[in-house]
Amino acid sequence: MSVETATLPKSPRAYSNIQIAVAFVAAAFGLTILQYIGLLPAWLHRLPETIIPNFAGWLDALFNFVKDDLGLLAFTRFLTEGLEWLLDFSANIFFGKRRFPNVGPIPWTAMAAVAAVIGYYLGGWRLALLGGGTMVWTALIGQWKIAMQTMSVLAIAAPLAFAIGLSLGIAAWKYDWVDRAIKPILSILQTLPFFTYLLPAVIFFKVGPTAGAVATTIYAIPPMILMTTLGLKKVSPEVVEAGKMSGCTKAQMLRHVYIPSARTEILVGVNQVIMLCLAMVVLTAFIGMPGLGAKLLAMMGSFKLGRSFEIGVTIVLLAVMLDRMSKAWVIKQPEHFERGTPWWKRHSMLLLGIGLFSGFTLLSLVVPFLAEVGRGQDLSQGKELDNLIKGFLDIELVKATTGFLRAFLNVQVLIPFRNFMLSIPTPAFILLVTAFALALAGKREAVFALIFFSLVALSGWWDRAIITLYSVISAVSLAALIGLPIGILAARSEKWSQRALLVCDTAQTFPSFVYLIPAIMLFGITDIAVIFSILIFAMVPLTRYTIEGLRTVPEEMTEAADMAGSTRMQKLWNVQLPLALPTMAVGFNQAIMFAFFMVIIAAFIGTQDLGQELQRTLAGTDLGKNFVLGICVSLMALTFDLTIMKWAADKKRMLGLA
């Protein structure tokens with residue numbers, strides 16, 4: 001008796017993401033080999049100019065239609081009048097510009113006293129010393145007026161960014177369609193290079209402080225929207241239910257329940273708004289904005305490094321002061337007093353501030369030095385610092401070290417790496433990026449990578465984009481070689497972890513322009529200076545997140561490794577680093593985002609990438625070209641952002657850390 005067995009039809013074999021990625025890499029390798037041996041058609045190496053769409057021309061036509069035919073230029077110029085009035089008002093208060101209300105400038109001693117009182121109220125005597133000391137330094141070093149020019153724009157741009165960001169954040173929290181519509185826009189805005197913000201501001205709002213204030217405001221809005229939405233979504237249902245049971249209307253619920261409950265997240269958003277405004281208001285020197293940024297740009301352009309160093313210190317002190325005060329405001333809880341407490345006791349710090357402000361203002365009428373530090377009275381040591389820096393750079397060991405780095409890194413590493421990246425055919429490069437996204441994050445991110453880099457290829461700026469990417473990859477790789485070991489060593493003890501994190505926190509408050517100073521000091525106007533400036537900027541998040549990742553590894557895991565007899569190195573490689581990798585990946589992602597931002601600023605040193613082309617657009621009205629270049633940078637940055645963050649989230653879920 002025979003038994004017949006039915007055979008089921010075989011399903012088509014499903015290939016894994018890794019296998020497909022390997023196939024893409026193999027195809028890219030094959031195309032590159034064909035290019036090297038001269039068998040690859042020219043149209044496969046680089047897209048012919050005849051098939052590249054004229055995106056810039058189309059965008060110019062669209063912008064001209066919106067600007068002229070729809071009357072947007074007339075509308076923005078109408079808005080400019082109101083904004084100019086606000087800026088003139090703040091300029092009169094801060095540095096005495098002859099405008100309404102004609103009461104300024106505020107004496108530097110009065111400003112220092114108020115900063116010290118605010119610092120004491122928010123964080124005690126240390127913060128008071130930081131606030132008052134920053135103002136005293138700024139005045140005595142002879143930079144009071146240019147610092148107040150910067151602060152006068154910041155005083156208008158930051159509140160505007162806060163108000164707009166808060167309103168849009170509330171709308172995104174309340175309406176899902178607003179949230180869905182605004183998220184991709186925010187992703188693009190957060191990855192656009194700052195030059196892309198500057199040219200539209202100049203065209204629509206005139207050169208100078210007005211355009212600077214507009215660009216600064218728009219640049220600082222995204223984090224306020226995100227933090228407001230996050231805070232409102234995190235309000236606990238119990239708090240909401242208590243508000244409803246109290247009979248609150250919708251407006252009362254928002255004002256008295258939701259916003260107070262989301263106070264911490266909203267104030268974190270305020271901190272980010274202030275820091276981004278300060279960073280951007282310094283960079284608006286490229287469009288004629290006076291202040292610290294313009295002076296620093298001029299000093300660096302004439303290679304006066306001593307004076308540049310002094311201005312850099314002032315910018316850093318202002319950034320650290322504003323950062324520490326706004327963070328102290330985040331953690332400070334509202335004070336409550338018993339019923340019947342006298343008014344003056346409840347507002348003692350306010351009265352102290354008013355008293356000191358009035359006292360120093362009156363005293364400055366008698367002692368002019370307390371109102372303004374005149375020429376010849378300041379303590380600037382710019383020339384002496386110039387000589388000191390030149391003397392340091394003339395030391396044989398320093399000259400030998402910087403000369404070796406220029407010769408070895410530039411000639412043996414960087415230039416060959418750049419030439420290799422440029423030699424890869426365009427389709428092969430797109431396949432490599434797609435394979436990277438597919439292997440790390442999956443098919444969805446791979447499709448985005450394919451589309452994004454294909455658009456970069458169709459933009460007509462492929463070679464410039466590859467040089468930009470070369471700078472980013474080189475700098476982040478070198479930063480990882482330095483930052484990761486520092487983070488691993490610091491994470492071994494609580495004391496060194498806290499010290500390293502304090503340094504990282506402080507370094508992250510520095511406006512990015514400041515990082516150009518040591519790069520130019522050591523390497524002059526060279527490619528190494530570009531890589532070095534990006535490197536020190538990108539090293540901060542790598543070190544920070546390595547420490548945080550290793551310090552947050554669950555204790556039971558390390559204890560189990562100890563009980564198993566693991567050595568310190570075995571515990572690090574087999575337990576701590578694998579569990580810390582998702583957090584460290586966030587650091588890598590931030591380092592790459594920082595590098596994309598910094599490589600555009602480094603165009604000031606002199607590069608051949610997209611940043612250089614973006615800087616050139618500021619000299620004309622090529623708004624279409626400006627946007628195409630900015631979108632190219634944004635698309636490349638978004639590719640890495642989506643891929644790495646997806647991998648980190650998947651890894652956390654797999655390790656049970658989500």
Side-chain angles (χ1 to χ4, degrees), residues 21-48 404-440 446 449-450 452-482 523 526-535 538 588 591-592 595-596 598-600 602-603 605-613 629 632-633 635-637 639-640 643-644:
V22 169
F24 284 171
V25 171
F29 181 76
L31 288 171
T32 306
I33 292 297
L34 289 174
Q35 165 63 23
Y36 282 175
I37 61 178
L39 297 179
L40 191 74
W43 61 270
L44 268 178
H45 180 243
R46 290 290 184 268
L47 294 182
F404 168 76
L405 288 173
R406 275 198 295 264
F408 175 73
L409 269 181
N410 212 28
V411 178
Q412 302 297 327
V413 179
L414 295 177
I415 291 177
F417 180 53
R418 183 193 65 191
N419 292 341
F420 168 69
M421 289 185 67
L422 286 170
S423 71
I424 299 173
T426 301
F429 204 102
I430 295 172
L431 283 172
L432 288 173
V433 175
T434 306
F436 165 77
L438 182 64
L440 255 67
L450 176 64
F452 288 172
F453 269 78
S454 297
L455 287 172
V456 173
L458 289 170
S459 71
W461 295 99
W462 180 259
D463 283 352
R464 298 277 184 171
I466 294 302
I467 294 173
T468 303
L469 196 57
Y470 136 80
S471 298
V472 169
I473 293 172
S474 302
V476 172
S477 300
L478 291 171
L481 290 175
I482 302 169
F523 301 105
T526 61
D527 283 352
I528 288 288
V530 174
I531 300 298
F532 185 76
S533 63
I534 303 169
L535 182 154
F588 267 101
I592 292 169
F596 271 111
M598 191 67 195
V599 75
I600 304 304
I605 296 176
T607 57
Q608 297 176 333
D609 57 10
L610 294 173
Q612 189 68 27
E613 290 297 326
L629 293 168
C632 284
V633 177
L635 290 174
M636 290 192 294
T639 299
F640 287 98
T643 301
I644 295 173

I need the [X] [atom1] to [Y] [atom2] distance, nearest 0.5 Å.
| X | Y | atom1 | atom2 | value |
| --- | --- | --- | --- | --- |
| Ile531 | Leu414 | CD1 | CG | 5.5 Å |
| Asp609 | Leu629 | CG | CG | 10.0 Å |
| Leu450 | Phe24 | CG | CZ | 7.5 Å |
| Asn410 | Ile415 | CG | CD1 | 4.5 Å |
| Phe29 | Ile33 | CZ | CD1 | 4.0 Å |
| Ile466 | Met421 | CD1 | CE | 5.5 Å |

Might you point out which heavy atoms bring [X] and [Y] nearest each other, and give the distance in Å?
| X | Y | value |
| --- | --- | --- |
| Ala538 | Ala591 | O-CB, 3.5 Å |
| Leu438 | Ala21 | CD2-N, 3.7 Å |
| Thr639 | Leu635 | OG1-O, 2.8 Å |
| Leu422 | His45 | O-NE2, 4.0 Å |
| Ala437 | Ala446 | CB-CA, 3.8 Å |

Quick one, Leu478 with Phe532, criterion side-chain contact (heavy atoms from CB on, under 4.5 Å). Give me CA distance, side-chain angles, the key distance, then yes/no. CA-CA 9 Å; Leu478 291 171; Phe532 185 76; over 6 Å; no
Worked check of side-chain contact (heavy atoms from CB on, under 4.5 Å) between Phe453 and Thr434: CA-CA 9 Å; Phe453 269 78; Thr434 306; over 6 Å; no
Applying side-chain contact (heavy atoms from CB on, under 4.5 Å) to Met598 and Ser533, what does each step give before you reach the verdict? CA-CA 8 Å; Met598 191 67 195; Ser533 63; 4.0 Å; yes
Which pairs pass salt bridge (Lys or Arg N to Asp or Glu O under 4.0 Å) with one or both residues in residues 452-479, sequence neighbours excluded?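 Residue pairs passing salt bridge (Lys or Arg N to Asp or Glu O under 4.0 Å), neighbours aside: Arg46-Asp463, Arg464-Glu613.
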Keeping to residues at least two apart or across chains, list the salt bridge (Lys or Arg N to Asp or Glu O under 4.0 Å) pairs with something in residues 21-32.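 As it turns out, there is no salt bridge (Lys or Arg N to Asp or Glu O under 4.0 Å) pair with a partner in residues 21-32 once direct neighbours are skipped.
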For Leu47 and Leu458: C-alpha separation, side-chain torsions, deciding distance, then whether side-chain contact (heavy atoms from CB on, under 4.5 Å) applies. CA-CA 8 Å; Leu47 294 182; Leu458 289 170; 3.9 Å; yes
Applying ring pair (Phe, Tyr, Trp, His ring centres under 6.0 Å) as the test, list every pair that has at least one member in residues 412-436; sequence neighbours left out.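 Every ring pair (Phe, Tyr, Trp, His ring centres under 6.0 Å) pair that includes a residue of residues 412-436, provided the two are not neighbours, is Phe429-Trp462, Phe436-Phe640.
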Just to verify, what does Ala428 make a side-chain contact (heavy atoms from CB on, under 4.5 Å) with, not counting sequence neighbours? Ala28, Leu31, Thr32, Ile424, Pro425
Which residues satisfy the side-chain contact (heavy atoms from CB on, under 4.5 Å) test with Ala465, sequence neighbours excluded? Val456, Leu610, Met636
Greater than 12 external heavy atoms within 6.0 Å of Gln35's CD: yes
Between Val25 and Leu431, is there a side-chain heavy-atom distance shorter than 4.5 Å? no
For Ser477, give me all partners under side-chain hydrogen bond (donor to acceptor under 3.5 Å, both in side chains), at least two apart in sequence or on another chain.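 By the side-chain hydrogen bond (donor to acceptor under 3.5 Å, both in side chains) rule, Ser477 matches no residue at all.
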